[in-house]
**Q** 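Got a structure for you, questions after.
Remember, it's a predicted structure, so these values are computed and weren't measured experimentally.
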Amino acid sequence: MHLSEKPLIPEAVIQERVNELAKEVSHDFAGHDLLVVSVLKGAMIFAADFVRRLDLKAKLEFARVKSYVGTESSGKLDFMHLPEEPITGKYVLLVEDILDTGRTAAALRAHFEAEQPARLAFCTLLDKPATRVVPVTAEYVGFSVEDRFVVGYGLDCDEHYRHLPDIWTLEPDEETPSN
Ligand code: IMP
Ligand code: MG
């Protein structure tokens, strides 16, 4: 696999959208302290840019979720790390890199709802609505994308490409003729 010739979403376009999302969230949560929970590792770069544009009092926490590759259909997820800060009664914003099948988002939402926050909202940089298996939506979506594998700006393929400032698609390599 190799990177597409041109970025799918260039850095400047991402940054502009991150500004808009932060403005929207600041407006919607005005007057409240916000607990931002960034989902590791993918959302780290997005969350770092996003929180610096919030016009609110905010705290930053992290959650790390691992899905079992071998049991994909069961959708079994393990929470490797959860916020140290209590969730109950707080205004909580979950920040993810991408909504794909929706399994991660659904598990996160269920886990955090059970803690009875005052309000819980989900913000994802990217959404792939075509690949949804579990019916879950995000209150805040940066960009809706087609069913293509994307990397960069925090998103990885086998841990590569996370550091790229733009978002790219991964394209299959040309078949090399064997003799
Ligand atoms: P879901 O539980 O299927 O919605 O998966 C969400 C997770 O899968 C994301 O947090 C990503 O880590 C990963 N993922 C899904 N699609 C992509 C992609 O196109 N590029 C990189 N990671 C992806
Ligand atoms: Mg991820």
Side-chain angles (χ1 to χ4, degrees), residues 14 17-18 21-22 24-129 131-143 149-163 167:
I14 299 170
R17 188 72 189 117
V18 173
L21 286 171
E24 219 182 303
V25 168
S26 299
H27 173 266
D28 294 353
F29 286 84
H32 300 289
D33 290 8
L34 189 65
L35 186 63
V36 177
V37 181
S38 166
V39 184
L40 296 172
K41 303 178 189 175
M44 177 207 122
I45 307 244
F46 169 42
D49 283 342
F50 172 81
V51 293
R52 283 180 288 177
R53 289 167 174 83
L54 285 173
D55 187 17
L56 287 173
K57 278 175 75 182
K59 287 183 174 178
L60 183 56
E61 286 281 352
F62 299 95
R64 181 134 163 76
V65 183
K66 253 205 174 118
S67 50
Y68 294 100
V69 179
T71 58
E72 213 206 307
S73 56
S74 75
K76 183 113 172 58
L77 292 163
D78 226 359
F79 294 100
M80 312 295 288
H81 177 82
L82 286 166
E84 287 149 21
E85 182 88 7
I87 299 302
T88 312
K90 304 278 169 61
Y91 289 77
V92 179
L93 184 73
L94 295 172
V95 177
E96 248 291 32
D97 53 357
I98 187 162
L99 258 181
D100 185 24
T101 64
R103 286 192 181 104
T104 311
L108 283 165
R109 279 202 100 119
H111 176 88
F112 281 86
E113 293 283 10
E115 305 273 313
Q116 298 190 298
R119 190 149 119 208
L120 181 73
F122 203 96
C123 175
T124 185
L125 176 69
L126 303 174
D127 186 12
K128 280 199 228 176
T131 54
R132 198 76 87 252
V133 174
V134 179
V136 62
T137 52
E139 283 83 354
Y140 304 96
V141 175
F143 305 91
F149 200 84
V150 291
V151 295
Y153 197 67
L155 293 121
D156 75 306
C157 179
D158 293 335
E159 297 300 326
H160 291 284
Y161 309 117
R162 290 194 197 274
H163 64 290
I167 293 171

**Q** Charged N to carboxylate O under 4.0 angstrom, Asp78 versus Lys66?
**A**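 No, no charged N to carboxylate O under 4.0 Å.
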**Q** Between atom CD1 of Ile45 and atom CD1 of Ile14, what is the distance when rounded to the nearest 0.5 Å?
**A**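 The CD1 atom of Ile14 is 10.5 Å from CD1 of Ile45, to the nearest 0.5 Å.
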**Q** Mind checking what makes side chain to side chain contact (heavy atoms under 4.5 Å, CB included) contact with Val151, not counting sequence neighbours?
**A**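 Val151 satisfies side chain to side chain contact (heavy atoms under 4.5 Å, CB included) with Leu3, Phe149, Cys157, Tyr161, Trp168, Leu170 only.
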**Q** From Lys128 NZ over to Leu99 CG, what is the distance, rounded to the nearest 0.5 angstrom?
**A**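 Result: 10.5 Å between the selected atoms.
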**Q** Would you please name every residue forming a side chain to side chain contact (heavy atoms under 4.5 Å, CB included) with His32, sequence neighbours left out?
**A**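 Here the qualifying residues are Tyr91.
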**Q** Can you name the residues that form a salt bridge (Lys or Arg N to Asp or Glu O under 4.0 Å) with Asp100, not counting sequence neighbours?
**A**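 Counting only residues at least two positions away or on another chain, Asp100 forms no salt bridge (Lys or Arg N to Asp or Glu O under 4.0 Å).
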**Q** Can you name the one residue among Val92, Leu108, Leu93, Val95 that meets side chain to side chain contact (heavy atoms under 4.5 Å, CB included) with Val37?
**A**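 One option only clears the test, and that one is Val92.
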**Q** How long is the gap from CG on Leu35 to CD on Glu61, to the nearest 0.5 Å?
**A**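 Answer for the CG-CD pair, Leu35 versus Glu61, is 6.0 Å.
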**Q** With sequence neighbours left out, what residues match His81 under ring-ring contact (aromatic ring centres under 6.0 Å, His included)?
**A**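 Not a single residue meets the ring-ring contact (aromatic ring centres under 6.0 Å, His included) criterion with His81.
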**Q** Looking at Arg132 and Asp127, would you say the former's side chain and the latter's main chain have a donor-acceptor pair under 3.5 Å?
**A**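 It does not hold such a pair.
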**Q** With sequence neighbours excluded, tell me which residues meet ring-ring contact (aromatic ring centres under 6.0 Å, His included) with Tyr153.
**A**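 ring-ring contact (aromatic ring centres under 6.0 Å, His included) list for Tyr153, sorted by chain: empty.
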**Q** Report the distance from atom NZ of Lys59 to atom CD of Glu85, rounding to the nearest 0.5 Å.
**A**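 Result: 3.5 Å between the selected atoms.
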**Q** Write down the atom of Asp97, the atom of Ala43, and the distance for their closest heavy-atom approach.
**A**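 What the structure gives for the nearest pair is N-CB, 3.6 Å.
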**Q** Show me the side-chain donor-acceptor pairs of residues 112-126 shorter than 3.5 Å, one per line, residues at least two apart or across chains.
**A**
{"residue": "Arg119", "atom": "NH2", "partner": "Asp28", "partner atom": "O", "Å": "2.7"}
{"residue": "Thr124", "atom": "OG1", "partner": "Leu126", "partner atom": "O", "Å": "2.8"}

**Q** Below 4.0 angstrom, N of the basic side chain to O of the carboxylate: do Glu96 and Arg109 qualify?
**A**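 Here Glu96 does not pair with Arg109 in a salt bridge, since their nearest N and O are not under 4.0 Å apart.
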